[in-house]
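Notes to accompany the following structure.
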Amino acid sequence: MKVKVKENSRSGTFFGQVNVAVISELDGTPDWIGGNGLTIEEALEDVVKHFT
C-alpha cells in the first residue's frame with residue numbers, strides 16, 4: 001500500500017489518499033480512502049485512521 005499526500009495550493013491544507021480500495025460490505029463496490037490535515041503528518045494519520 002502506498003499513500004500519496006497532496007497540498008491544496010489555495011488553502012494550504014493537505015489531502016492523503018491510498019492506492020488501494022476497501023470493498024464495501026453493503027454493495028461490494030470499492031470505497032476509496034482519504035484523509036485531510038493541516039500538515040502532511042495530520043493528513044497521513046487521518047488516512048491511516050480511516051483505513052483501519
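Separation of atoms NZ (K6) and CZ (F14) is listed at 13.5 Å; rounding is to 0.5 Å. Atom NZ of residue K49 and atom CD of residue E42 lie 10.0 Å apart, to the nearest 0.5 angstrom.
Residues T13 and N36 fail the side-chain proximity criterion, which asks for heavy atoms closer than 4.5 Å. Here the side chains of I23 and D31 are not in contact, with every heavy-atom distance at 4.5 Å or above. Proximity of V47 to V18: side-chain heavy atoms (C-beta onward) are separated by under 4.5 Å at one or more points.
Heavy atoms only, all atoms of each residue included: A21 and P30 are closest at CB-CB, 3.6 Å. Contact record, A43 with V5: CB-CG1, 4.2 Å, taken as the closest heavy-atom pair.
In this structure, N19 contributes its side chain and M1 its backbone to no donor-acceptor pair below 3.5 Å.
Placement of L44 and V22 within a single hydrophobic cluster is found when ILVMFWY residues are connected by side-chain heavy-atom separations under 4.5 Å, directly or transitively. Both V3 and I40 are part of a single hydrophobic cluster, where members link through side-chain heavy atoms under 4.5 Å apart.
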